[in-house]
Every structure is written in C-alpha cells, then in structure tokens.
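Notes follow once the structure below has been shown.
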Amino acid sequence: MTKATGKHLRAARQVRKILLSVLIWILGIMMVIPFIWMLSTSFKGMNDVFTFPIEWIPKNPTLSGYQALISGKVPYFTFFWNSVKVALISVFGTFFSCTMAGYAYAKVHFIGRDKLFMVKLMTTMLPSLVTMLPTYIIYSKLGLLNTHAALWVAYFFGGTFGVFLMRTAFVGIPDSLIDSAKIDGAGHFRIYWSIALPNVRSSVSTLLFLYFLWSWNDYETPLLYIWESKMYTLPLAVKYFADDQMQNFPAIMAANVLMLLPIIIAFASCQKFFVNSLVSSGLKG
C-alpha cells in the first residue's frame with residue numbers, strides 16, 4: 001500500500017465519521033424538539049399554543065398551566081402521589097423477583113432449570129391482549145379491581161425481560177467465586193446478597209430504571225383496573241384538562257413536564273451504570 005493510498009483511506013474514514021456524527025446530531029435534535037415544544041407550550045396562554053411560526057420562546061410567558069395544577073381544583077398531587085406509590089412498590093417487587101430468579105437460573109443447579117427458563121422466555125411471544133382478559137378475571141376473583149394492588153402485584157412475579165437481564169449479568173460471575181463462598185459456609189441467599197448483587201450493580205440499576213419508567217408511564221393498566229378518579233395515576237390525570245368543548249393544552253403540557261421530572265432525575269442518577277451494564281458484568285478489576 002502506497003502512502004497516497006493510505007492517506008486516501010484515512011481521509012475516507014474521517015469523512016465517514018464526520019457524516020455519521022452529523023447524522024446522529026440531526027436525529028438527536030429531532031428527538032428533542034417535541035420535548036422543547038412541550039416545555040415551551042407549558043408557559044403559553046391558550047391563544048398562543050398554535051401560533052405559526054412556532055414561538056419556541058413565548059413572548060408573553062405565563063404560569064397559568066402550572067397554576068391550574070396547584071390551584072386545588074384538580075387533585076394533581078393526589079395523582080402524583082398515587083404514581084409515586086405504585087412505581088416504588090413495583091420497583092421493590094421487581095428488584096427482589098428478577099434478581100433472585102436471575103440468580104437461580106444462572107447459579108443454582110436444579111432439574112429442568114434451562115428448560116423452565118426457555119418456557120419463561122417463550123411467554124414474551126404472547127401479545128398482551130391475549131392475557132388481558134384472563135388477568136382481569138383473576139384480579140376480579142381476588143378482589144383487586146379498583147385498587148392500586150392491581151397495578152403493582154404483577155411486578156412481584158418477575159418480568160421476563162428483567163429475569164433475562166439479571167440472569168445474563170449473574171452468568172458473568174465466575175463459578176470459582178461462588179464455590180469459594182460455599183466452601184466458607186455461605187448459603188445461596190448469602191452468596192446472592194453479599195457477593196452476586198454487588199458485582200452486578202450496573203445491571204441492577206438498569207433494571208430498576210427501566211421498570212420504574214414502564215410503571216410510571218403505564219396508561220393501559222390503570223385505565224383497565226381503576227375506576228374512581230381519586231385512585232388515578234398521572235397518565236390518566238390529563239383527562240381532567242380535556243372535554244368535548246375544550247382542551248387546556250398549557251395545563252396538559254405542564255402536567256407532562258412535571259411528570260417527566262422524576263424520570264429525568266432517575267436517568268441522570270443512573271446513566272453512568274447503563275453503559276457499564278452493556279459492556280461488562282461480573283467481577284470488576
């Protein structure tokens with residue numbers, strides 16, 4: 001290879017990197033634009049929402065949308081507390097069910113372990129609409145309709161994705177470490193709690209964030225199981241600002257902005273673990 005050819009190859013690679021970077025920036029900006037519009041609209045009046053061209057920075061900013069939330073006419077903070085309670089209980093159940101099941105599938109040897117795990121993975125091929133009616137009937141027989149328990153009880157049985165994620169993480173822990181702990185007299189629960197979990201903190205953080213996000217944004221489940229307005233979670237709260245005659249878009253956008261704040265805080269706190277969970281698991285050097 002001549003020097004000229006090598007320079008041309010390096011130049012071509014550099015051009016590809018630049019074009020890829022530009023494409024990523026364009027896609028990133030396109031994804032952020034709806035959020036910017038939502039934030040901007042939350043500070044506008046009703047007459048300024050659909051002005052064109054779009055006023056990204058409102059000329060006459062107002063807090064009327066946020067005032068509609070905290071004025072007391074709409075029990076927004078009741079909805080907020082309902083969402084917090086359901087999400088925290090769901091995350092608590094997810095943590096123990098998925099991590100313990102993942103550890104068992106990865107490090108506990110029992111008859112039919114791998115086949116049982118494959119059966120669990122096969123459940124992901126079932127559409128949610130197929131299980132919706134049987135689940136509703138079961139919850140009805142258990143007296144869980146119109147209760148928050150119907151929103152979080154399923155998280156205590158180990159979601160398939162969460163179990164798969166944690167099993168993959170626990171498989172990366174060397175068996176020699178587990179065997180050493182057994183020789184020292186540790187049982188499976190002690191090994192799981194004191195040795196296995198600390199070595200998969202990145203995967204646990206990813207697990208908790210994703211399931212918090214899914215529980216927090218869940219609209220379909222509360223719509224199906226919750227009837228009384230005082231039991232509503234945040235995704236259902238926006239209906240208070242919309243009727244057949246008018247939709248209070250500034251209030252709706254303000255509610256969505258406040259709803260996103262816990263997600264943004266959780267993501268900012270856990271983002272350093274996300275990359276680690278993708279590229280490594282098990283022992284750290």
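Residue indices begin at 1 and follow the sequence shown.
Atom CZ in Phe161 sits 8.0 Å away from atom CG in Leu207 (nearest 0.5 Å). To the nearest 0.5 Å, atoms CZ (Phe212) and CD1 (Ile263) are separated by 6.5 Å. In this structure, CG on Leu69 lies 10.0 Å from CD on Gln67, to the nearest 0.5 angstrom. Rounding to the nearest 0.5 angstrom, the gap separating the CH2 atom in Trp37 from the CE atom in Met253 is 5.0 Å. One finds the CE atom of Met231 at 11.5 Å from the CZ atom of Phe79 (value rounded to the nearest 0.5 Å). Here Phe80 contributes atom CZ and Leu261 contributes atom CG; the two are 7.5 Å apart, rounded to the nearest 0.5 Å.
With a 4.5 Å cut-off on side-chain heavy atoms, Leu144 and Tyr225 do not count as touching. Leu224 places none of its side-chain heavy atoms less than 4.5 Å from the side chain of Thr135. Side-chain atoms of Phe170 and Leu197, non-hydrogen and from C-beta on, do get closer than 4.5 Å to each other. Two residues are said to be in side-chain contact when any heavy atoms from C-beta on lie closer than 4.5 Å; Pro127 and Met132 fail this criterion. Counting only heavy atoms from C-beta outward, the side chains of Trp216 and Ser83 approach each other to under 4.5 Å. Contact check for Asn82 versus Ile226: no side-chain heavy atoms found under the 4.5 Å cut-off. With a 4.5 Å cut-off on side-chain heavy atoms, Leu23 and Leu19 do not count as touching. The side-chain heavy atoms of His188 and Tyr103, taken from C-beta on, include a pair separated by under 4.5 Å.
Applying the 6.0 Å contact sphere to CH2 of Trp193 captures no more than 12 heavy atoms from other residues, nucleotides or ligands. When the shell of 6.0 Å around CZ of Phe156 is examined, it contains more than 12 heavy atoms from other residues, nucleotides or ligands. Crowding of Phe95 atom CZ: a count of heavy atoms from other residues, nucleotides or ligands under 6.0 Å exceeding 12.
Under the 4.5 Å side-chain heavy-atom criterion for Ile, Leu, Val, Met, Phe, Trp and Tyr, Met31 and Val257 are members of distinct hydrophobic clusters. Ile264 and Val32 fall within the same hydrophobic cluster, defined by Ile, Leu, Val, Met, Phe, Trp and Tyr side-chain heavy atoms under 4.5 Å apart, directly or through other members. Hydrophobic clustering (side-chain heavy atoms under 4.5 Å, transitive across Ile, Leu, Val, Met, Phe, Trp, Tyr) keeps Ile173 apart from Ile183. The cluster map of Ile, Leu, Val, Met, Phe, Trp and Tyr, joined by side-chain heavy atoms under 4.5 Å apart, puts Ile29 and Phe35 in the same cluster. There is no path of hydrophobic side-chain contacts, each under 4.5 Å, that joins Met125 to Phe164.
A pairwise comparison of heavy atoms in Tyr66 and Ser42 identifies OH-OG, 2.9 Å as the closest pair. Here the closest heavy-atom approach between residue Pro58 and residue Lys44 is recorded as CG-CG, 3.8 Å. When every heavy atom of Cys98 is checked against every heavy atom of Gly159, the shortest pair comes out as SG-N, 3.7 Å.
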Practice problem: Determine, stepwise, if the pair Phe157 / Val153 fulfils side-chain contact (heavy atoms from CB on, under 4.5 Å). | Solution: CA-CA 8 Å; Phe157 294 95; Val153 68; 4.0 Å; yes
Self-check item: Candidate pair Ile195 and Arg190, rule side-chain contact (heavy atoms from CB on, under 4.5 Å), full reasoning
Solution: CA-CA 8 Å; Ile195 298 176; Arg190 179 65 181 274; over 6 Å; no
Quiz item: Please walk me through it: do Thr147 and Tyr139 pass side-chain contact (heavy atoms from CB on, under 4.5 Å)?
Solution: CA-CA 10 Å; Thr147 67; Tyr139 284 4; over 6 Å; no
Quiz prompt | side-chain contact (heavy atoms from CB on, under 4.5 Å) evaluation trace for Tyr155 with Ile89 | solution = CA-CA 9 Å; Tyr155 290 87; Ile89 296 176; over 6 Å; no
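Side-chain atoms of Ser205 come within 3.5 Å of backbone atoms of Arg201 as a donor-acceptor pair (strictly under, hydrogens ignored). At least one donor-acceptor pair closer than 3.5 Å links the side chain of Ser21 to the backbone N or O of Lys17. Of the possible polar contacts, none joining the Asp218 side chain to the Trp214 backbone as a donor-acceptor pair under 3.5 Å is found.
A tilted orientation is assigned to the rings of Phe267 and Phe209, their planes being inclined by 30° to 60°. Taking the six-membered ring for Trp and thresholds of 30 and 60 degrees, Phe117 and Tyr105 have ring planes inclined between 30 and 60 degrees apart.
Exactly one residue among Leu260, Ile252, Ile33 makes a side chain to side chain contact (heavy atoms under 4.5 Å, CB included) with Met38. That residue is Leu260.
The side chain to side chain donor-acceptor pair (under 3.5 Å) pairs that include a residue from residues 90-100 are Ser90-Ser215, Thr99-Tyr192, where partners are two or more places apart or lie in different chains. Screening residues 171-185 for side chain to side chain donor-acceptor pair (under 3.5 Å), with sequence neighbours left out, gives Lys107-Asp175. Legend: side chain to side chain donor-acceptor pair (under 3.5 Å) pairs involving residues 112-128, not counting sequence neighbours, sorted by first then second residue: Thr123-Thr160.
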